[in-house]
Amino acid sequence: MSDTIIWTEKYRPKDFSDVRGQDAIVSKVKAFVEQKNLPHLLFAGPAGVGKSSLALVVAKQLFKDSWRENFLELNASDERGIDVVRVKVKDFARTKSIGDVPFKIIFLDECDALTKEAQQALRRTMENYTNTCRFILAANYSSKILDPIQSRCAVFRFKPLPKEDVINIINKVEKNESLVIDDNAKEALYIVSEGDCRRVENILQSCSAVDKNITEELVFSLASFAQPKEIKGILETAINGDFINARKGLLDVMLRYGLSGLDLIKQIQKEVWNLSIDNRKKVSLVDKCGEIEFRMVEGADEFVQLEALLACFSSAEE
Ligand SMILES: Nc1ncnc2c1ncn2[C@@H]1O[C@H](COP(=O)(O)OP(=O)(O)O)[C@@H](O)[C@H]1O
Ligand SMILES: [Mg+2]
């Protein structure tokens with residue numbers, strides 16, 4: 001019977017030792033939990049690196065069997081406005097914690113989606129319930145969180161997982177799910193994940209639905225990510241002056257992998273560094289990528305912009 005549980009939940013860390021690649025953070029947070037004394041925490045960092053997982057581990061280790069009664073998870077970007085957050089927090093904080101820990105935990109995810117005013121309200125809420133509740137806030141960028149909130153929290157900056165840890169996670173899933181993943185495919189998974197484990201596990205799960213034998217090609221085709229060597233080939237064609245074929249190649253890659261113009265720009269920008277042209281040209285092409293990306297974000301026609309970028313590669317060689 002094929003399982004329907006989503007792998008990101010199936011492989012969610014259950015204990016501190018399962019949270020990989022964030023050792024310095026984990027050891028500090030673990031010490032708080034062992035002392036049963038926790039300041040407010042702010043977890044900052046990109047998606048899929050263990051912020052929510054660590055918050056859950058804290059709750060489970062601190063409260064054991066009664067963690068569900070003592071842990072409230074809210075998503076700032078889901079809840080319509082800070083008022084909803086305030087009401088839910090108030091309801092939750094009104095009753096005492098169950099067990100021997102004198103506080104409950106409120107985990108508020110995606111705090112950087114809150115407006116300044118909402119954050120001000122959050123700050124007051126944190127102050128009001130400081131005797132009975134500890135807040136764990138998560139955000140992509142700590143710079144988007146008001147200083148007075150940051151200064152009330154111990155701030156931890158999560159990083160994308162290093163390659164070694166991503167590969168370890170892949171190996172674990174491979175064994176558990178009886179997959180066969182060759183080394184090139186593992187490398188590809190690391191490239192497309194950029195250290196985001198949620199992405200790794202999601203791509204692996206979609207790959208496994210197609211074939212238990214996972215190859216580089218399968219990974220790239222399901223990840224909305226062209227093979228880096230194909231992008232490099234297109235750029236080299238352009239640099240060699242064959243603009244028409246480069247343009248054809250680009251369109252082909254775009255359609256085959258279902259890429260948006262923005263996906264492509266990101267990949268092109270990475271490949272510039274692997275071209276054999278002199279460094280000053282690389283710098284000016286990367287600069288151009290930035291400009292084109294900005295125009296696309298502002299709504300310019302994707303294909304016109306990509307062509308303009310390719311034209312710059314074609315005239316890069318003289
Ligand atoms: N540091 C990590 N160690 C092990 N697994 C991880 C780690 N970070 C993420 N994962 C995997 O990715 C999934 C999503 O991670 P999550 O903690 O929700 O990320 P975030 O909250 O930072 O976006 C987890 O359930 C787990 O399977
Ligand atoms: Mg999260």
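Read the numbers this way: they start at 1 and go in the same order the structure lists the ligands and their atoms. All values below come from the heavy atoms of this structure, side chains included, with hydrogens, waters and symmetry mates left out. All values reported here derive from a predicted model rather than from experimental measurement.
- Taking atom 10 (N) of ligand 1 as the reference point, the nearest protein heavy-atom neighbour is Cys197 CB, 3.4 Å.
- Close approach to Val19 involves these atoms of ligand 1, each under 4.0 Å from a residue heavy atom: 1 (N), 3 (N).
- Of the protein's heavy atoms, Glu201 OE1, 2.6 Å lies nearest to atom 27 (O) of ligand 1.
- Judged by the shortest distance from any of its heavy atoms, Gly48 lies inside the 4.0 Å radius around the atoms of ligand 1.
- Those atoms of ligand 1 with a heavy atom of Thr8 less than 4.0 angstrom away are 24 (C), 25 (O), 27 (O).
- Counting non-hydrogen atoms of neighbouring residues, nucleotides and ligands closer than 6.0 angstrom, the NZ atom of Lys270 exceeds 12 such neighbours.
- For ligand 1, one of its N or O atoms has an N or O atom of Arg20 under 3.5 Å away.
- Within the sub-2.8 Å shell of the Mg ion (ligand 2), the protein contributes these N/O/S atoms: Ser52 OG.
- With ligand atoms numbered from 1 in the order given, ligand 1 contributes 4 (C), 5 (N) to contacts under 4.0 Å with heavy atoms of Ile169.
- Ion pairing between a basic and an acidic side chain is recognised when a charged N comes within 4.0 Å of a carboxylate O; Glu177 and Lys212 show no such pairing.
- Those atoms of ligand 1 that come under 4.0 Å of a heavy atom in Ala47, given as number and element, are 23 (O).
- Proximity of Leu161 to ligand 1, defined as any heavy-atom pair under 4.0 Å, is confined to the side chain (atoms from C-beta onward).
- Atom 15 (O) of ligand 1 has its closest protein heavy atom at Ser53 OG, 3.8 Å.
- Inspection of the Thr125 and Arg86 side chains reveals no N or O donor paired with an N or O acceptor under 3.5 Å.
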Quick one: side chains of residues 299-310, donor-acceptor pairs under 3.5 Å with protein atoms, not counting sequence neighbours, listed by atom name and distance.
{"from": "Asp301", "atom 1": "OD1", "to": "Phe303", "atom 2": "N", "distance (Å)": "3.0"}
{"from": "Asp301", "atom 1": "OD1", "to": "Val304", "atom 2": "N", "distance (Å)": "2.9"}
{"from": "Glu302", "atom 1": "OE1", "to": "Gly261", "atom 2": "N", "distance (Å)": "3.0"}
{"from": "Glu302", "atom 1": "OE2", "to": "Gly261", "atom 2": "N", "distance (Å)": "3.4"}
{"from": "Gln305", "atom 1": "OE1", "to": "Arg295", "atom 2": "NH1", "distance (Å)": "2.9"}
{"from": "Glu307", "atom 1": "OE2", "to": "Arg247", "atom 2": "NE", "distance (Å)": "2.2"}
{"from": "Glu307", "atom 1": "OE2", "to": "Arg247", "atom 2": "NH2", "distance (Å)": "3.0"}

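- Counting only heavy atoms from C-beta outward, the side chains of Asn279 and Lys282 approach each other to under 4.5 Å.
- With sequence neighbours left out, Thr95 forms a side-chain hydrogen bond (donor to acceptor under 3.5 Å, both in side chains) with Lys104.
- Of the options Asn274, Val253, Val272, a side-chain contact (heavy atoms from CB on, under 4.5 Å) to Ile231 is made by Val253 and by none of the others.
- Between Glu127 and Arg124 there is no salt bridge, since no side-chain N of the basic residue sits under 4.0 Å from a carboxylate O of the acidic one.
- Of the candidates Glu110, Arg198, Arg199, the one placing a heavy atom closest to atom 19 (O) of ligand 1 is Arg198.
- Numbered from 1 in the order shown, with element, the atoms of ligand 1 that lie under 4.0 Å from a heavy atom of Pro13 read 4 (C), 5 (N), 26 (C).
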Please evaluate residues Cys153 and Met126 with respect to the criterion side chain to side chain contact (heavy atoms under 4.5 Å, CB included), reporting the C-alpha separation (whole Å), side-chain torsions for both, the decisive distance (0.1 Å), and the verdict. CA-CA 10 Å; Cys153 297; Met126 287 170 76; 4.0 Å; yes
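- With hydrogens and angles left out, the side-chain atoms of Lys10 and Asn176 include no donor and acceptor closer than 3.5 Å.
- Counting heavy atoms from C-beta outward, Pro160 and Asp196 have side chains that stay 4.5 Å or more apart.
- Across every non-hydrogen atom of Gly48 and Arg198, the tightest pair is N-NH1, 3.6 Å.
- Atoms of ligand 1 lying under 4.0 Å from any heavy atom of Asp18, numbered from 1 in the order shown and given with element: 3 (N), 4 (C).
- For Glu9, no heavy-atom contact with ligand 1 is shorter than 4.0 Å.
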Show me the donor-acceptor pairs, under 3.5 Å and distance only, between side chains in residues 18-27 and residues at least two apart or in other chains.
{"from": "Asp18", "atom 1": "OD2", "to": "Lys14", "atom 2": "N", "distance (Å)": "2.9"}
{"from": "Asp18", "atom 1": "OD2", "to": "Asp15", "atom 2": "N", "distance (Å)": "3.0"}
{"from": "Gln22", "atom 1": "OE1", "to": "Lys159", "atom 2": "N", "distance (Å)": "3.3"}
{"from": "Gln22", "atom 1": "NE2", "to": "Val49", "atom 2": "O", "distance (Å)": "3.1"}
{"from": "Gln22", "atom 1": "NE2", "to": "Lys159", "atom 2": "O", "distance (Å)": "2.9"}
{"from": "Ser27", "atom 1": "OG", "to": "Asp23", "atom 2": "O", "distance (Å)": "3.4"}
{"from": "Ser27", "atom 1": "OG", "to": "Ala24", "atom 2": "O", "distance (Å)": "3.2"}

